[in-house]
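All residue numbers refer to positions in the sequence shown, counting from 1.
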Amino acid sequence: MSNSTGTESLPGQRFRERFPLLALVIERMLLSILLLFAVSVLIFGGVEALPGDFATTYLGQSATPQAVANIRAELGLDRPLVTRYFEWLGGAVQGDFGTSWASRNSVSEQVANRLGNSLFLAGFAAVIAVPLAVGLGMLSVHFRNRLPDKIINVISLAAISLPEFFIGYLLILYFAVNFGVATFPATVFDGMGLLERIKAIALPTATLVLVVLAHMMRMTRAAILSVMSSAYMETAELKGLSAWRAIVKHAAPNALAPIINVVALNLAYLVVGVVVVEVVFVYPGMGQYMVDAVTVRDMPVVQACGLIFAAVYIFLNMLADILAIVANPRLRHPR
């Protein structure tokens, strides 16, 4: 006989109680999918609401109303908005973003080439920025309130204050124009050797590293400092453990969750925020592709780029949440 007092747990509650870690991971994944769906609605609707019309831009101001109507019918723009959205979403889920209105080529093929370039640039910048930021954060804690800590903080504040396009133009001026030790524009192509590619992206990589390094370093420093005031850190110091070993062995691992979060957020920025950097350095990535598409009102390309940027950002944030959950010992070893 069932208990009518309501003390019996529902199946979902029982699952959460037995597997709290898995339940939280599944919850984060479902929320990310729902968020991506909502963002897709905003992207499609927002792009449709942009001023201007591709048919008029394509045919010119002297085009007749009949010619404009024919182009709109050919592109399917005369159909209901909701119908076009679900067709676009269904294709996007399968990796098909339709055909570019301007070039008449497959958007998916063009995006694949450009996305690879953007991921290479962002990944190379992350390989440099993440360990450097964590290391500088730990070094700043070790020398807190002393000269090295103050120098690191002043430089990081200056880097945060400068926008990426300004940093990029400064690097171009000094290293490409004045000293001639770097290449500009940052041109890459298929079949290019790894060393040649790295040399070509040196300036945009340096710009991205400077932009994200300061924020990651300061957040790493703050996370470790909050752990340093814990009782077990005082115990480690009383046992004679050196300050640097205490930071590396005890403080940094226990500050892992907030560090993971800030690293993941900045990695998301590296991928999504490359638009300005790619335009400054004329780099053939997703950002440059999206800006070119906006100029000619090539809506399938703009929508595809917007959805991919959103998916990358949401995925990395979801990954940060999951890693932070996994790093929590209370969830890994529930009582």
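- Atom CD in Gln288 sits 7.0 Å away from atom CZ in Arg114 (nearest 0.5 Å).
- Side chains of Val141 and Met138 form no contact here, defined as non-hydrogen atoms less than 4.5 Å apart.
- Heavy-atom minimum distance, Gly95 versus Ser108: O-OG, 2.7 Å.
- For the atom pair NE2 of His215 and CE of Met217, the computed distance is 11.0 Å after rounding to the nearest 0.5 Å.
- A donor-acceptor contact shorter than 3.5 Å is absent between the side chain of Glu109 and the backbone of Asn105.
- Proximity of Phe37 to Leu89: side-chain heavy atoms (C-beta onward) are separated by under 4.5 Å at one or more points.
- Every residue was checked against the side chain to side chain donor-acceptor pair (under 3.5 Å) condition with Arg28, not counting sequence neighbours, and none meets it.
- When the options Leu115, Val188, Ile201 are evaluated for a side chain to side chain contact (heavy atoms under 4.5 Å, CB included) with Phe120, the one that passes is Ile201.
- Residues passing the side chain to side chain contact (heavy atoms under 4.5 Å, CB included) test with Ala92, sequence neighbours excluded: Phe97, Leu307.
- Looking at Leu267 and Val130, their side chains come closer than 4.5 Å, going by heavy atoms from C-beta outward.
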- Query: So Val301 and Met290, side chain to side chain contact (heavy atoms under 4.5 Å, CB included) or not? Walk me through it.
  - Reply: CA-CA 7 Å; Val301 174; Met290 185 176 181; 5.9 Å; no
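- Looking at Val280, Val177, Leu203 one by one, the single match for side chain to side chain contact (heavy atoms under 4.5 Å, CB included) with Leu171 turns out to be Leu203.
- Arg218 approaches Leu157 most closely through the heavy-atom pair NH1-CG, 3.8 Å.
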- Derivation of the side-chain hydrogen bond (donor to acceptor under 3.5 Å, both in side chains) call for Asp298 and Ser100: CA-CA 7 Å; Asp298 195 349; Ser100 167; 2.5 Å; yes
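- With contacts defined as side-chain heavy-atom distances shorter than 4.5 Å, the pair Phe281/Val277 qualifies.
- Linking Ile, Leu, Val, Met, Phe, Trp and Tyr whenever their side-chain heavy atoms come within less than 4.5 Å leaves Val127 and Leu210 in two separate clusters.
- At distances below 3.5 Å, not a single donor-acceptor pair connects side-chain atoms of Arg197 with backbone N or O atoms of Leu194.
- In this structure, CE on Met318 lies 10.5 Å from CG on Leu30, to the nearest 0.5 angstrom.
- Counting only heavy atoms from C-beta outward, the side chains of Val134 and Met216 never approach each other to under 4.5 Å.
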- Please test Leu36 against Phe315 for side chain to side chain contact (heavy atoms under 4.5 Å, CB included), starting from the C-alpha separation and ending with a verdict. CA-CA 9 Å; Leu36 185 58; Phe315 171 77; over 6 Å; no
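- Follow the hydrophobic side-chain contacts under 4.5 Å out from Ile198 and you reach Val181 in the same cluster.
- Taking hydrophobic clusters as Ile, Leu, Val, Met, Phe, Trp and Tyr residues chained together by side-chain heavy-atom distances below 4.5 Å, Phe86 does not share a cluster with Ile33.
- With values rounded to the nearest 0.5 angstrom, Ile308 atom CD1 is found 10.0 Å from Ile43 atom CD1.
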- Residues Trp88, Gln303; criterion side chain to side chain contact (heavy atoms under 4.5 Å, CB included); working and verdict: CA-CA 9 Å; Trp88 171 74; Gln303 289 164 345; 3.8 Å; yes
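- Rounding to the nearest 0.5 Å gives a distance of 11.0 Å between CD of Glu164 and OH of Tyr169.
- For Asn117 and Asn113, the side-chain atoms include no donor-acceptor pair closer than 3.5 Å.
- A distance of 5.0 Å separates CG of Leu208 from CG of Leu121, quoted to the nearest 0.5 Å.
- What you find for Asp96 and Gly98 is that their closest heavy atoms are OD1-N, 3.0 Å.
- Listed by chain and number, the residues in a side chain to side chain contact (heavy atoms under 4.5 Å, CB included) with Leu31 are Glu27 (sequence neighbours excluded).
- Remark: Tyr85 engages Phe44 in a ring pair (Phe, Tyr, Trp, His ring centres under 6.0 Å) (not counting sequence neighbours).
- Counting all heavy atoms, side chain and backbone alike, Leu136 lies closest to Leu213 at CD1-CD2, 4.3 Å.
- Of all the heavy atoms in Ala186 and Pro284, the pair that sits closest is O-CD, 3.5 Å.
- Neither Ile151 nor Leu132 shares a network with the other; the hydrophobic side chains, linked directly or stepwise wherever heavy atoms of I, L, V, M, F, W or Y lie under 4.5 Å apart, form separate groups for each.
- Taking the side chain as every heavy atom from C-beta outward, Val275 and Phe309 approach each other to under 4.5 Å.
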- Query: Can Phe143 and Leu147 be said to form a side chain to side chain contact (heavy atoms under 4.5 Å, CB included), step by step?
  - Reply: CA-CA 7 Å; Phe143 292 102; Leu147 184 61; over 6 Å; no
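- Residues Val107 and Thr99 have side chains not in contact (no heavy-atom distance under 4.5 Å, counting atoms from C-beta outward).
- Heavy atoms only, all atoms of each residue included: Gly287 and Ser118 are closest at N-OG, 4.3 Å.
- No side-chain heavy atom of Thr187 sits less than 4.5 Å from a side-chain heavy atom of Val282.
- For Thr183, the side chain to side chain contact (heavy atoms under 4.5 Å, CB included) criterion is met by Lys199, Ala200, not counting sequence neighbours.
- Between the side chains of Asp149 and Ser140, at least one donor N or O lies within less than 3.5 Å of an accepting N or O.
- Hydrophobic clustering, with ILVMFWY side chains joined whenever heavy atoms are under 4.5 angstrom apart, groups Phe179 together with Phe184.
- Clustering of Ile, Leu, Val, Met, Phe, Trp and Tyr side chains at separations under 4.5 Å leaves Leu42 isolated, with no partner residue.
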